[in-house]
Amino acid sequence: MPRANDAVEAVLLEYADLLAILSEDRFKPRSYEKAARAVGGYHADIGTLEPAEILKIPNVGKSIAEKIQEFLREGTIETLESLRAKIPPGVRDIIAVPGVGPKKAMILYQDLGIANIDDLRAAVESGRIAELKGFGARTESNIRRGLERLQQQTGRALASVAMDLAEDFIERIRSNVDVERIDYAGSLRRMVETIGDVDLLVASDDPVPVMDAFTGIDIVERVLAKGEAKSSVLTRQGLQVDLRVVPAEAWGAAMIYFTGSKAHNIRIREMAVRKGLKLNEYGLFDAKSGTLIVAQTEQEVYERLGLPWIPPTMREDRGEVEAALDGSLPDVLTQKQLRGDLHTHTNLTDGLASLEQMLETASAMKYAYYAVTDHAPNLFMQRMTDEKMLAQRERLRKLQPKYPRMTLLHGTELNIDPEGNVDWGPEFLDGFDVRVASVHSMFGQSKDEMTRRIVRAMENPYVNVIGHPTTRKINQRQPVEFDLDEVFAAAARTGTALEVNAYPDRLDLKDEHIVWAKRYGVKFAVDTDSHATTHLDHMRYGVAMAQRGWLTKDDVINAWPLGKLRTFLRKGR
DNA sequence: GCCGTTTTCGGCCCGACTGTTTTCAGTCG
């Protein structure tokens, strides 16, 4: 479902890369890069904006705005074409090799005629690179390793995989050496849906043993860099882990710096500069005297910049700084505010745990309500029948007295067929407390068909939640295509919640879509879609995605008290 | 190329590590 924004972002990033290779000006490429990110993260579809509105996008000025319009009109940009003519397209790929940037790529092209990755590989093999001015044997071997890494790169890791790795590292470092504090930061702390590398932060006055412990861990395949303040390793599974050591007094400033995002950091550092201050990982300083002002906690640093503390999941420079400045930063959903889970399975269908086991685990999470939503009959392989469903309801009702603090809800996950119908008629559907409905088949329908299909399901007065709305699986399956505006508008109109599926390889809806849907007044259900007791813990990823989508407890139906939830589930019936 | 509570020019976030070089450029996050 590409918005024009994605294409514009891509073309501006290409422009930035080509300028970085060709231009002496260091700042021009950065302008294009900043504009690209701003367009990519902009809330409105740029294809529908008037020229004056395009100019309002941050970091987009007259020149870039004109180029964007030219691109939207013509499909390309004349000046970009002339940049492209100067450099073979493969040179841009070379920048993606770790250790090679725009400057080295240009030298390789000019002096050795290296125009693509294959040329580069051949030049490495023949030993020609070490002879270049400014290059050497070490550089050549680094490029060789960079090429290897590029080849074996399996893509970015799921947040859950990176989290497990981070926690493993933290535990191993802690058990080997005394550290005052240790935690993960980076994109993992921001809970980006996939993680390129894991960032760890340690507070210690004695970094050397920390670095030794870090680089000596047995799952480390190779040490990429090792210094007193900073080291990087590559794990056997191919993930890079960076570790940074700072003094304990600087923990807050370092945490901000290492959590990012880069764009967010640049924003607040620019704010600091304007206030005559300087912000780095060691603290916030007076620019002139160099005197330290604050560094101990994130809260203090933000406060001194005139900002409230901003949750890590919001630090993407997608308007959070502006919102923080004018006091409109939302109090985003927390896991504590969630009162229940509305989408879970048992071994009656494809779950791994029994009803009793799931309830036992759920009750430990202190939920006020909990819905069991096994698959409905039309997902034939699950062999559900009306009788089995009703028998499960009986069992659930009998188990209720065991859980005086948790109301047990009987639900189902319906299948939305290609026409938008679901498994049962009104009479049977009426017997459930809650009904999730999801697309499980015919993913390849046209955009129009898929839009009609989902809208029709939402118009069903018994369908309460659309499960994993785009059905994507991260790194495995593309999302289905439907008209986002139409579906979001229909969700708001029909009183149907859209799911924020917390399963780590789904995370569906994703953050950008959540922001978009919220503008229509859509309500959401943050659910785990658990198929095992351990999956109930995945709620943290769903909450993170909701935070990244700027949702508050008012937007999320399973953060509501049961009475209010029940009213919503009636859909005005 | 963008931007402004030291505004229309002169800045542009900041620091660590590496390698090749004798003081720094390139890359990275």
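Throughout, a chain's letter reflects where its sequence line sits, starting with A, and its residues are numbered from 1. The figures here come from the full heavy-atom set of this structure, side chains too, leaving out hydrogens, waters and symmetry mates.
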Provide, to the nearest angstrom, the distance between the [atom1] atom belonging to [X] and the [atom2] atom belonging to [N].
X: R144(A); N: dG19(B); atom1: CZ; atom2: C1'; answer: 16 Å
X: I268(A); N: dG29(B); atom1: CD1; atom2: P; answer: 20 Å
X: F135(A); N: dA25(B); atom1: CZ; atom2: P; answer: 16 Å
X: K56(A); N: dC2(B); atom1: NZ; atom2: P; answer: 17 Å
X: H264(A); N: dC14(B); atom1: NE2; atom2: P; answer: 15 Å
X: L243(A); N: dA16(B); atom1: CG; atom2: P; answer: 15 Å
X: Y15(A); N: dC2(B); atom1: OH; atom2: P; answer: 11 Å

Any side-chain heavy atom of [X] sitting closer than 4.5 Å to one from [Y]?
X: R548(A); Y: E193(A); answer: no
X: M545(A); Y: R506(A); answer: no
X: T79(A); Y: E70(A); answer: no

Checking all strands, does [X] fall into the base, sugar-phosphate, or nothing category for heavy-atom contacts under 4.0 angstrom?
X: R267(A); answer: nothing
X: P29(A); answer: nothing
X: Y257(A); answer: base
X: I266(A); answer: base
X: L279(A); answer: sugar-phosphate

Expected label for dT7(B) (glycosidic angle, syn inside 90° of 0, else anti) would be syn
Quick one: which of [options] gets closest to the side chain of [X]?
X: N142(A); options: dG19(B), dG15(B), dC17(B); result: dG19(B)
X: N59(A); options: dC2(B), dG19(B), dA16(B); result: dC2(B)
X: S31(A); options: dG29(B), dC2(B), dT27(B); result: dC2(B)
X: K230(A); options: dT27(B), dC13(B), dA16(B); result: dA16(B)
X: A225(A); options: dC13(B), dA16(B), dT18(B); result: dT18(B)
X: K67(A); options: dT20(B), dG1(B), dC13(B); result: dG1(B)
X: K262(A); options: dC13(B), dA16(B), dC2(B); result: dC13(B)
X: R138(A); options: dC17(B), dG19(B), dG1(B); result: dG19(B)
X: K104(A); options: dG19(B), dT27(B), dC13(B); result: dT27(B)

Here the pair of heavy atoms bringing D317(A) nearest to H264(A) is CB-N, 3.9 Å
Practice item. Apply side-chain hydrogen bond (donor to acceptor under 3.5 Å, both in side chains) to the pair D17(A) and Y32(A), showing each step before the final yes or no. Key: CA-CA 9 Å; D17(A) 278 351; Y32(A) 278 88; over 6 Å; no
Spacing of the C1' atoms in dT20(B) and dT6(B) (rounded, Å)
41 Å
Legend entry - dT21(B) and dA16(B), which share atom name P, separated by this distance in whole Å: 24 Å
Using a cut-off of strictly less than 4.0 Å, decide whether [X] has a side-chain nitrogen or oxygen near OP1 or OP2 of [N].
X: R269(A); N: dC13(B); result: no
X: T139(A); N: dT20(B); result: yes
X: N280(A); N: dG15(B); result: yes
X: K34(A); N: dC12(B); result: no
X: R30(A); N: dC13(B); result: yes
X: Y282(A); N: dA16(B); result: yes

Heavy-atom donor-acceptor pair, D93(A) side chain to N116(A) backbone, under 3.5 Å
no
By nearest-nucleotide position on DNA chain B, the 5'-leaning member of I107(A) and D242(A) is I107(A)
When V60(A) and G227(A) are each assigned the nearest nucleotide of DNA chain B, the 5'-most assignment goes to V60(A)
Return the orientation label for the H538(A) and H535(A) ring planes: parallel under 30°, perpendicular over 60°, tilted otherwise. parallel
As its Watson-Crick or G-U partner within any shown strand, both distances under 3.5 Å, dT8(B) has none
